[in-house]
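Written out below as structure tokens is the structure these notes cover.
We're numbering straight along the sequence, starting at 1.
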Amino acid sequence: MKVEFAPRSIPLQRRLQTASVLQWVFSFLGLAQCCIAVFILLFFTRFWLISTLYALWWAFDWDTPSRGGRRLCCVRNCTLWRYMRDYFPITLVKTVDLEPSKNYVFGFHPHGIMVAGAFINFCTEATGFSKLFPGLKPHMMMLNLWFRAPFFRDYLMSGGIIPSDKESASFVLRKKGGGNVVVIAVGGAQEALDARPGAYTLLLENRKGFVRLAIENGTSLVPMFSFGENELFDQVENPKGSWLRWTQERLQKVMGVSLPLFHARGIFQYTFGFIPYRKPIYTVVGKPLPVVKKLNPSQDEVDELHKRYLEALCKLFEDNKLNYNVPEDTHLSFI
């Protein structure tokens, strides 16, 4: 295999963009584990007081993630994220105005390998969410497991991320005055196992918890499609029924996270590595579906709204696909 090396004459701007994405990939894959290791190791050094004081603070602050978190504007507005935005680049596209007096549930599709579009659009201000949707505050949901990692939990909350459970989402959606958005990557980690260039199959047919959540809180549902999300990485073939897919699905059920065997480019060469390709991402935010509040909706009511949501998502995809280089004969499919 011939290795294609990056030229030496690359502008500093592009090098900074690559460095910003490198730190994000590290944060996604290894920062939580490093935080846990540092927390434990400090107990065996003269800096043991740091971990001791943090443990006391952690016990006091245990419920904060499920109570809306603790976002920091300085983190969300960090220059680092603008470099990361420009690497791909990533663009947030608004199709309609949303009323800041209401709360919303945003459904993000597809999950992709690392939900790059969702992170930059809703956990940072790099693409101008607050300017496009003034008065709205996004809360991206992430697997509860990561909020059990010391230090890392604070990093997640600083971007406005909350745990992916019903209680955390309901706390945000029941805030009076409106202006709160819960962002859910509906396909979750399991959908990442099918994320590869040219894939338009969504794990959504039996995912209805977010619909029930919207009905119970009387919150409008907003479909989104992130064009280009699946183009960032290649993935080792893992068809249904293969030993690799069987292993990945078992690990996903046990650990809660999936382990797709992905690859793309490297830091100083373009042939192999774990840095995503420079492919543009356009996250298109659709029109909200009005929802009538009902504390105990029947299964038929959930199914009916879910069907309307799938239709709205398909329409959003069909209306925009030609603008973002998706072949005309390509359509969404659901499993």
Side-chain angles (χ1 to χ4, degrees), residues 19-72 74-76 78 80-81 84 111-116 118-120 122-124 139-169 171-172 183-185 188-193 195 233 247-264 267 273-276:
S20 69
V21 172
L22 175 62
Q23 69 79 32
W24 173 71
V25 171
F26 166 72
S27 298
F28 194 94
L29 298 178
L31 184 56
Q33 295 87 330
C34 289
C35 286
I36 294 171
V38 168
F39 177 75
I40 295 172
L41 291 174
L42 283 176
F43 279 114
F44 301 96
T45 71
R46 59 178 177 172
F47 302 107
W48 60 270
L49 188 59
I50 295 176
S51 289
T52 301
L53 292 176
Y54 184 85
L56 293 174
W57 162 252
W58 191 4
F60 173 78
D61 196 53
W62 184 264
D63 292 329
T64 298
S66 10
R67 296 293 180 268
R70 184 174 48 247
R71 67 181 57 219
L72 296 176
C74 60
V75 174
R76 288 179 58 87
C78 182
L80 179 72
W81 308 128
M84 182 177 165
H111 182 282
I113 297 291
M114 293 188 183
V115 285
F119 178 82
I120 284 296
F122 306 115
C123 302
T124 81
H139 300 78
M140 181 74 187
M141 302 195 80
M142 191 172 182
L143 193 66
N144 301 37
L145 170 69
W146 301 121
F147 291 89
R148 299 296 177 256
F151 305 123
F152 188 65
R153 67 190 288 277
D154 301 281
Y155 171 70
L156 295 178
M157 286 193 290
S158 68
I161 302 176
I162 61 174
S164 57
D165 57 56
K166 182 178 178 180
E167 292 71 25
S168 300
F171 182 89
V172 170
V183 183
I184 305 175
Q190 190 176 348
E191 190 177 81
L193 297 177
F233 297 94
T247 303
Q248 289 173 323
E249 289 178 344
R250 293 303 177 277
L251 288 173
Q252 194 269 328
K253 288 180 180 179
V254 173
M255 300 165 51
V257 295
S258 62
L259 298 172
L261 298 182
F262 63 91
H263 57 90
I267 303 171
F274 300 105
I275 305 297

Heavy-atom closest pair, residues I113 and A192
CD1-O, 3.7 Å
Can any side-chain N or O of W81 pair as donor or acceptor with the backbone N or O of V75 at less than 3.5 Å?
yes
Backbone N/O of G188 and side chain of E191: donor-acceptor pair under 3.5 Å:
no
What distance separates R71 CZ from S158 OG, expressed to the nearest 0.5 Å?
10.0 Å
Kindly give the heavy-atom pair with the smallest separation between V183 and F122, and that separation in Å.
CG1-CD1, 3.8 Å
Say whether D61 and Y54, considering side chains only, have a donor N or O and an acceptor N or O under 3.5 Å apart.
no
Tightest non-hydrogen contact, residues A264 and I275, listed as CB-O, 3.0 Å
Residue pair L259 / Q252, side-chain heavy-atom distance below 4.5 Å:
no
Closest contact, heavy atoms only, I162 versus G69
CG2-N, 4.3 Å
Counting C-beta onward and ignoring hydrogens, is there a side-chain heavy-atom pair between T124 and C78 closer than 4.5 Å?
no
Could you walk me through whether V25 and M114 satisfy the side chain to side chain contact (heavy atoms under 4.5 Å, CB included) test, starting with their C-alpha distance in whole Å, then the side-chain angles of each, then the deciding distance to 0.1 Å, before giving a yes or no?
CA-CA 8 Å; V25 171; M114 293 188 183; 4.0 Å; yes
Nearest-0.5 Å distance, CE of residue M157 to CZ of residue R70
4.0 Å
Shortest non-hydrogen contact from L156 toward M142:
CD2-SD, 3.6 Å
How far does OG1 of T64 sit from CZ of R153, to the nearest 0.5 angstrom?
6.0 Å
Value rounded to 0.5 Å, distance of CH2 in W62 from CH2 in W57:
14.0 Å
Where A185 and H111 come nearest, the two heavy atoms and their spacing:
CB-CD2, 3.9 Å
Show the numbers, then the answer: is there a side chain to side chain contact (heavy atoms under 4.5 Å, CB included) between C34 and F26?
CA-CA 10 Å; C34 289; F26 166 72; 3.8 Å; yes
Could you tabulate the donor-acceptor pairs under 3.5 Å formed by side-chain atoms of residues 36-51, not counting sequence neighbours?
from, atom 1, to, atom 2, distance (Å)
T45, OG1, L42, O, 3.0
T45, OG1, F47, N, 3.1
S51, OG, F39, O, 2.8

Assess the side chains of D63 and S66: does a donor N or O sit below 3.5 Å from an acceptor N or O?
no
For the side chain of N144 and the backbone of P163, is there at least one donor-acceptor N/O pair under 3.5 Å apart?
no
Check step by step if side chain to side chain contact (heavy atoms under 4.5 Å, CB included) holds for M140 and I184.
CA-CA 6 Å; M140 181 74 187; I184 305 175; over 6 Å; no
Check F28, F262, F274 against F233 for a ring-ring contact (aromatic ring centres under 6.0 Å, His included) and give me the one that passes.
F262
Between CG of D165 and CE of M141, what distance do you get to the nearest 0.5 Å?
6.0 Å
Please step through side chain to side chain contact (heavy atoms under 4.5 Å, CB included) for the pair L31 and Q23, ending with a clear verdict.
CA-CA 9 Å; L31 184 56; Q23 69 79 32; over 6 Å; no
Nearest 0.5 angstrom please: S164 OG to F147 CZ, how far?
8.0 Å
Is the backbone of V172 close enough, under 3.5 Å, to the side chain of R67 for a donor and an acceptor to pair up by distance?
no
